[in-house]
Student: 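Here it is, the structure in full.
Proteins come first, then strands; the chains are lettered A, B, ... in the order of their sequence lines, and each starts at number 1. Values below: every heavy atom of this structure, side chains too, minus hydrogens, waters and symmetry copies.
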Protein chains: 2
Amino acid sequence: MSAPATPARPARRHDPGRRDRLVDTALDVIAERGVTAATHRAIARAADVPLGSLTYHFDSLTDLLAAAFSRHVDTVAARFDERMRAAPDRAAALEILVEHLTGDLLGSPRDLVLAVELYVAAARNPALRAVTQDWMSRSRRSLERHLDPVNAREVDALVEGLVLHSALSTDPMDAAQIRSALRRLAG
Amino acid sequence: MSAPATPARPARRHDPGRRDRLVDTALDVIAERGVTAATHRAIARAADVPLGSLTYHFDSLTDLLAAAFSRHVDTVAARFDERMRAAPDRAAALEILVEHLTGDLLGSPRDLVLAVELYVAAARNPALRAVTQDWMSRSRRSLERHLDPVNAREVDALVEGLVLHSALSTDPMDAAQIRSALRRLAG
DNA sequence: GCTCGATGTGTACGCTTGTTCTCATGAGCG
DNA sequence: CGCTCATGAGAACAAGCGTACACATCGAGC
């Protein structure tokens, strides 16, 4: 046998789009095991690429994490803004927000975890704080399509708290409770 | 000279209360440099004790961090509950809450940072999640002295979100805004 | 078809980490 | 006093980390 039937690694020389794939894989690792476990080696293993490949494509681990979070924020913020833009009026906007919270966010543990992990990472890493602030400002701007700036800020804070509670508490609030609270605060 | 004039370390053999001091020092390190920087060595250096002393007094680093956060939660929760207990009625309770948020929490970066660091640590460490849940439930119970359970929960979520925003955002809300939002939600 | 620069690979280095281990010490008790 | 054992001290270890680097490989332009 000059060539093994099933090589352990497919010898992926010339792998265009690897950079992109690394960003996605990094996000997966963060979601599954947390930002502190998102090491070069863990991401390399998950993406099935050699260790050196990471430092070739990204100057540092922080760069890679920033790229990953940045992509995630882009995705979520764009989706949210699209929905808010489609709302005909304030009442509809609030209902969409409830749907967004209870359906998407609380429904998919992944996004919830990623949100908290971003807070975590940003709390100590200045390079990632820019991503968090981008997220906060885009979220607020979306809300401002139907709420005045001050109110948008209040609602945003409540949403952030609900997310945190849902992630860390044992018994999260249900859709009806969230709707009721949002209506009162946005009243 | 058989004995140096100023020994680098006072040879603190028999140091009763060292365990307590280690817990406090751990909290200081967490507040100043974050929970990820709170290593055995960092805490030992800050407390001016040898490295081995930490694993002697605490089975593991997690144990030490849990003890530290637990003590902090005790302090803050007790202080908060005392104030809420002293409130004659609902309106006064809300005002005290505003004071608590704007004065104590947002006034002292230390408590704010510790709150976020606890979220961070609990997000990944199951042993610390118990401390977070203890904090959340005590905070809610204090609020329930003047608010019904459902409302207490809503207010608690808003407070959590406000804390997070204050810690990570560039322009925190002022006391008047916070008061207004709390009044509306607790209405 | 050859060269050259971009990309991929694998190893190594220096460092920090949590934890363990052995030995020294001295306070409390008979 | 003398014993004993909880406590203190400091060195050591294995593991994991980010990063750097030397070498292989291949696509594209001449």
Student: Report the distance from atom CG of B/Leu65 to atom P of C/dT17, rounded to the nearest whole Å.
Tutor: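 Rounding to the nearest Å, CG of B/Leu65 and P of C/dT17 are 13 Å apart.
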Student: On a heavy-atom basis, which atom in B/Gln133 and which in A/Leu168 lie closest, and how many Å separate them?
Tutor: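 What the structure gives for the nearest pair is NE2-O, 3.3 Å.
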Student: Where each residue is assigned the nucleotide of DNA chain C containing its nearest heavy atom, which of A/His57 and A/Arg41 is assigned the position nearer the 5′ end?
Tutor: A/His57
Student: Which pair of heavy atoms, one from A/Ile30 and one from A/Ala38, lies closest together, and at what distance?
Tutor: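 Shortest heavy-atom separation between A/Ile30 and A/Ala38 comes out as CG1-CB, 3.8 Å.
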Student: Figure out the CG/C1' separation between A/Asp48 and C/dT9, and round it to whole Å.
Tutor: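 One finds 13 Å between C1' of C/dT9 and CG of A/Asp48, rounded.
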Student: Measure from the side chain of B/Arg18, starting at C-beta and using heavy atoms only, and say which of D/dG8, D/dA12, D/dG18 lies closest.
Tutor: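 Nearest listed nucleotide: D/dG8.
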Student: Over all strands shown, is A/Leu54 touching base, sugar-phosphate only, or nothing at heavy-atom distances under 4.0 angstrom?
Tutor: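 Result for A/Leu54 = nothing.
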Student: CZ of A/Arg33 versus C1' of D/dG16: gap in Å, rounded?
Tutor: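 Result: 13 Å.
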Student: Taking only the side-chain heavy atoms of B/Tyr56 (C-beta and beyond), determine which of C/dG18, D/dG8, C/dT7 contains the nearest atom.
Tutor: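 The closest nucleotide is D/dG8.
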Student: What is the separation between atom CZ on B/Arg45 and atom P on D/dG10, rounded to the nearest whole Å?
Tutor: 15 Å
Student: Could you tell me whether the side chain of A/Arg90 and the main chain of A/Ala186 form a donor-acceptor pair under 3.5 Å?
Tutor: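 Flag set: sc A/Arg90 to bb A/Ala186 pair under 3.5 Å.
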Student: In whole angstrom, give the distance that lies between atom CG of A/Asp15 and atom C1' of C/dG8.
Tutor: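 The answer, rounded to whole Å, is 9 Å.
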Student: From the options D/dT19, C/dT17, D/dA12, select the nucleotide whose nearest atom is closest to the side chain of A/Thr55.
Tutor: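 That would be D/dT19.
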Student: Where is the tightest heavy-atom contact between A/Glu144 and A/Ala152, given as atom of each residue plus distance?
Tutor: CG-CB, 3.6 Å
Student: Identify the two heavy atoms, one from A/Val23 and one from A/Ala67, that lie closest to each other, and give their separation to 0.1 Å.
Tutor: CG1-O, 3.9 Å
Student: Round to a whole Å and report the spacing from CG of A/Leu64 to P of D/dT19.
Tutor: 10 Å
Student: C/dG8, OP1 or OP2 - any side-chain N/O from A/Arg19 closer than 4.0 Å?
Tutor: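 No, because none of the side-chain N or O atoms of A/Arg19 sits under 4.0 Å from OP1 or OP2 of C/dG8.
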Student: Roughly how many Å is it from CG in B/Leu61 to P in D/dG16, rounded to a whole number?
Tutor: 17 Å
Student: When you match A/Ala37 and A/Gly52 each to their closest nucleotide on DNA chain D, which lands nearer the 5' end?
Tutor: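 Final value for this comparison: A/Ala37.
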Student: Without decimals, in angstroms, what is the distance between A/Leu51 CG and D/dA22 P?
Tutor: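 Distance check: A/Leu51 CG to D/dA22 P gives 17 Å.
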